[in-house]
Student: 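Pasting a structure here, questions to come.
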Amino acid sequence: GKGQQYSRSFDIEDGSATGDLKDDNLSILPVRETTVPAQIQPQKPAIIDTNKIFSDQASGLIWTQQANLPGERLTHDRALGFVRKLNNDAYAGYNDWRLPTVNDFKHLYTYVSKKAGASGRSLDVIMTTFSGYQPWYYWTSTFDISYSRRPAYAFDLESGSIKAFYTDDINCLLAVRGTTRTPAQE
């Protein structure tokens, strides 16, 4: 507009441009532009290792097929740290692993129960679905906020029972990825 002046300078070494817009009625506004690389390299697609995962088609969740990846029971914090390691290592080709919610485990328990059918031999289904299964509770990401120490819930796949544990207790780890489908999505 009237009374405005624009000056611009270029830096040959880094390809940047700077400029100032001056208006008689306004202060100087600095401007900086940078060049964008001509080619941005796309990330290589991850190689998905289907031998390391179990896909629950009914819920849409993908679980680690190994039910004892750490090789030991862990505190809740150590379990979260192990899940971070799975993500950093892109375990089975994925980097969005997480601790399951109680609801995720309920879906898995429903799968196990249906597959066991009238025999009621859910342990057999668990043992053929997951390697390294530990007959103990598995950590969830769900907390009981009604207590001051905020215990986290853990899930027993054999019985379907849920129990609150303090986060410095030790339990097993089974990681999951994805979002549980609601009945409307199924």
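As a basis for the values below, the full set of heavy atoms in this structure was taken, side chains included, without hydrogen atoms, waters or symmetry mates.
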Student: Would you indicate whether the side-chain heavy atoms of Phe54 and Thr64 approach each other to under 4.5 Å?
Tutor: no

Student: Are the side chains of Gln65 and Ile53 in touch, meaning some heavy atoms are under 4.5 Å apart?
Tutor: no

Student: The criterion is salt bridge (charged side-chain N to carboxylate O under 4.0 Å, His left out); which residues satisfy it with Arg73, sequence neighbours excluded?
Tutor: none

Student: Got a sec, which pairs hit salt bridge (charged side-chain N to carboxylate O under 4.0 Å, His left out) with one end in residues 127-140, sequence neighbours left out?
Tutor: none

Student: Do Met127 and Val112 belong together in a cluster built from hydrophobic side chains that touch within less than 4.5 Å?
Tutor: yes

Student: Quick check for you: to the nearest 0.5 Å, what is the distance between Trp97 atom CH2 and Leu173 atom CG?
Tutor: 10.5 Å

Student: Among all residues two or more places apart in sequence or in another chain, which pass the salt bridge (charged side-chain N to carboxylate O under 4.0 Å, His left out) test with Asp124?
Tutor: Arg121

Student: Under the side-chain contact (heavy atoms from CB on, under 4.5 Å) rule, collect the residues that match up with Arg84, sequence neighbours excluded.
Tutor: Leu80

Student: Throw together a table of side-chain donor-acceptor distances under 3.5 angstrom for residues 159-166, partners on residues two or more places apart or in other chains.
Tutor:
from	atom 1	to	atom 2	distance (Å)
Ser159	OG	Asp156	OD2	3.0
Ser159	OG	Ser161	N	3.2
Ser159	OG	Ser161	OG	2.9
Ser161	OG	Tyr137	OH	3.2

Student: Centroid-to-centroid, Tyr91 to Phe82, below 6.0 Å?
Tutor: no

Student: So, Asp77 versus Thr75: side-chain donor-acceptor pair below 3.5 Å or not?
Tutor: no

Student: Go through the structure and list residues passing side chain to side chain donor-acceptor pair (under 3.5 Å) with Asp96, not counting sequence neighbours.
Tutor: Arg177

Student: Can you name the salt bridge (charged side-chain N to carboxylate O under 4.0 Å, His left out) partners of Lys114, sequence neighbours left out?
Tutor: none

Student: Quick check on the 6.0 Å ring-centre criterion: do Tyr153 and His76 meet it?
Tutor: no

Student: Among all residues two or more places apart in sequence or in another chain, which pass the side-chain contact (heavy atoms from CB on, under 4.5 Å) test with Ser141?
Tutor: Leu99, Thr101

Student: What orientation do Tyr138 and Tyr133 show, parallel under 30°, tilted 30 to 60°, or perpendicular over 60°?
Tutor: parallel

Student: Going by the rule ring-ring contact (aromatic ring centres under 6.0 Å, His included), which residues pair with Phe155 if we only count those two or more places apart in sequence or in a different chain?
Tutor: Phe105

Student: If the condition is salt bridge (charged side-chain N to carboxylate O under 4.0 Å, His left out), which residues does Glu72 pass it with, not counting sequence neighbours?
Tutor: Arg78

Student: By the salt bridge (charged side-chain N to carboxylate O under 4.0 Å, His left out) test, which pairs, at least two apart or in different chains, include something from residues 85-95?
Tutor: Lys85-Asp89

Student: Would you indicate whether the side-chain heavy atoms of Arg150 and Ile145 approach each other to under 4.5 Å?
Tutor: yes

Student: Sequence neighbours left out, what pairs pass salt bridge (charged side-chain N to carboxylate O under 4.0 Å, His left out) with at least one residue falling in residues 62-71?
Tutor: none

Student: Roughly how far, to the nearest 0.5 Å, is the CG atom of Asn103 from the OG1 atom of Thr140?
Tutor: 11.0 Å

